[in-house]
Amino acid sequence: MSSGYSSLEEDSEDFFFTARTSFFRRAPQGKLRTGQQDVEKEKETHNYLSKEEIKEKVHKYNLAVTDKLKMTLNSNGIYTGFIKVQMELCKPSQTAGKPAPSSNSCMNTLHISSTNTVGEVIEALLKKFLVTESPTKFALYKRCHREDQVYACKLSDREHPLYLRLVAGPRTDTLSFVLREHEIGEWEAFSLPELQNFLRILDKEEDEQLQNLKERYAAYRHKLEEALSQAWKPGT
């Protein structure tokens with residue numbers, strides 16, 4: 001599917017910025033490594049940027065732009081610009097008369113405001129492709145390239161993608177956005193007491209298996225010691 005263009009400018013509202021994310025790190029060859037990354041510094045930077053700092057960052061951003069998708073700073077300190085979002089939907093989504101992106105990725109370009117949140121971006125993308133499923137079933141990720149590693153970070157619904165784009169600069173090989181479906185595990189259908197009971201059962205089975213293993217090796221050790229004692233008897 002070809003690239004698309006959408007705008008969120010008309011429906012923008014003012015939101016406070018919050019950041020609570022979880023990271024995993026992936027090596028270039030596809031090997032996955034997990035870990036936690038602190039994003040409080042990023043959150044604080046967004047909270048305390050002055051109009052002059054924003055003006056300077058927007059100016060530097062526009063100087064680095066190569067595809068004419070520049071940012072515009074308004075007199076009230078709010079800025080507008082473009083983000084590109086890779087659509088990576090693993091399975092066909094429910095639509096209202098228009099094909100949704102398939103397992104083959106496609107790129108979509110959105111014109112948004114610095115006040116637009118991740119939640120609004122997700123809703124706009126689903127609306128563009130007439131996806132009727134709930135936005136809560138989807139998540140927006142930012143993919144960061146650092147040295148020889150790729151970091152994928154799930155963004156909270158109240159983060160601001162255009163700010164992340166501004167700070168990272170226009171290069172998509174440094175920062176890119178990806179829309180994916182939530183990875184819902186099979187255990188999420190169970191209640192907390194049920195999960196706790198499963199853990200108790202697993203603990204019991206683990207203890208039993210360990211005990212059986214210890215008894216087996218104790219028997220092997222005993223037979224080996226008997227064989228050794230017979231081998232070292234005088235006159236044999």
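- Here R180 contributes atom CZ and F138 contributes atom CZ; the two are 13.5 Å apart, rounded to the nearest 0.5 Å.
- With hydrogens and angles ignored, the 3.5 Å screen pairs a side-chain donor or acceptor of N74 with a backbone N or O of I78.
- Of the inter-residue distances, the one linking K204 atom NZ with L199 atom CG reads 15.0 Å to the nearest 0.5 angstrom.
- I112 contributes atom CD1, which lies 4.5 Å from atom CG of L162 (distance to the nearest 0.5 angstrom).
- Counting heavy atoms from C-beta on, the side chains of R165 and L175 come closer than 4.5 Å.
- Counting heavy atoms from C-beta outward, I83 and L69 have side chains that stay 4.5 Å or more apart.
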Could you go through the side chain to side chain contact (heavy atoms under 4.5 Å, CB included) check for E123 and V118 one step at a time?
CA-CA 9 Å; E123 288 181 8; V118 166; over 6 Å; no

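- At a threshold of 4.5 Å between non-hydrogen side-chain atoms, the residues C144 and K142 count as touching.
- Between R143 and E88, at least one side-chain N (NZ, or NE/NH1/NH2) sits under 4.0 Å from a carboxylate O, which counts as a salt bridge.
- Annotation: the span from N108 atom CG to K128 atom NZ amounts to 5.0 Å, rounded to 0.5 Å.
- When all heavy atoms of D173 and R171 are compared, the closest pair comes out as OD2-NH2, 2.5 Å.
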Does R221 form a side chain to side chain contact (heavy atoms under 4.5 Å, CB included) with L224? I'd like the steps, not just the answer.
CA-CA 5 Å; R221 179 182 293 274; L224 181 59; 5.7 Å; no

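- By the 4.5 Å heavy-atom criterion applied to side chains, D207 and Q211 are not counted as neighbours.
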Given M87 and L125, is the side chain to side chain contact (heavy atoms under 4.5 Å, CB included) satisfied, shown in steps?
CA-CA 9 Å; M87 307 283 285; L125 288 169; 4.1 Å; yes

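- Separation of atoms CG (L210) and NZ (K214) is listed at 6.0 Å; rounding is to 0.5 Å.
- Between T80 and M71, the closest side-chain pair of non-hydrogen atoms is not below 4.5 Å.
- Closest of all the heavy-atom pairs between P170 and Y61 is N-CE1, 3.4 Å.
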Yes or no on salt bridge (Lys or Arg N to Asp or Glu O under 4.0 Å) for K60 and E56, after CA distance, side-chain angles and deciding distance?
CA-CA 6 Å; K60 290 182 177 179; E56 181 182 358; 3.2 Å; yes

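- The side-chain heavy atoms of F177 and L164, taken from C-beta on, include a pair separated by under 4.5 Å.
- The NE2 atom of H59 sits 12.0 Å away from the CG atom of L73 when rounded to the nearest 0.5 Å.
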Step by step, work out the side chain to side chain contact (heavy atoms under 4.5 Å, CB included) result for L140 and V178.
CA-CA 6 Å; L140 189 68; V178 181; 6.0 Å; no

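- Annotation for K70 and N62: closest pair CB-OD1, 3.2 Å, computed over non-hydrogen atoms.
- Remark: the backbone N or O of A227 is not paired with any side-chain donor or acceptor of Q230 at under 3.5 angstrom.
- A donor-acceptor contact shorter than 3.5 Å is absent between the side chain of N212 and the backbone of Q209.
- Annotation: side chain of L166 is in contact with side chain of Y79 (closest heavy-atom distance under 4.5 Å).
- I54 is not listed as a side-chain neighbour of K57, based on a closest heavy-atom distance of 4.5 Å or more.
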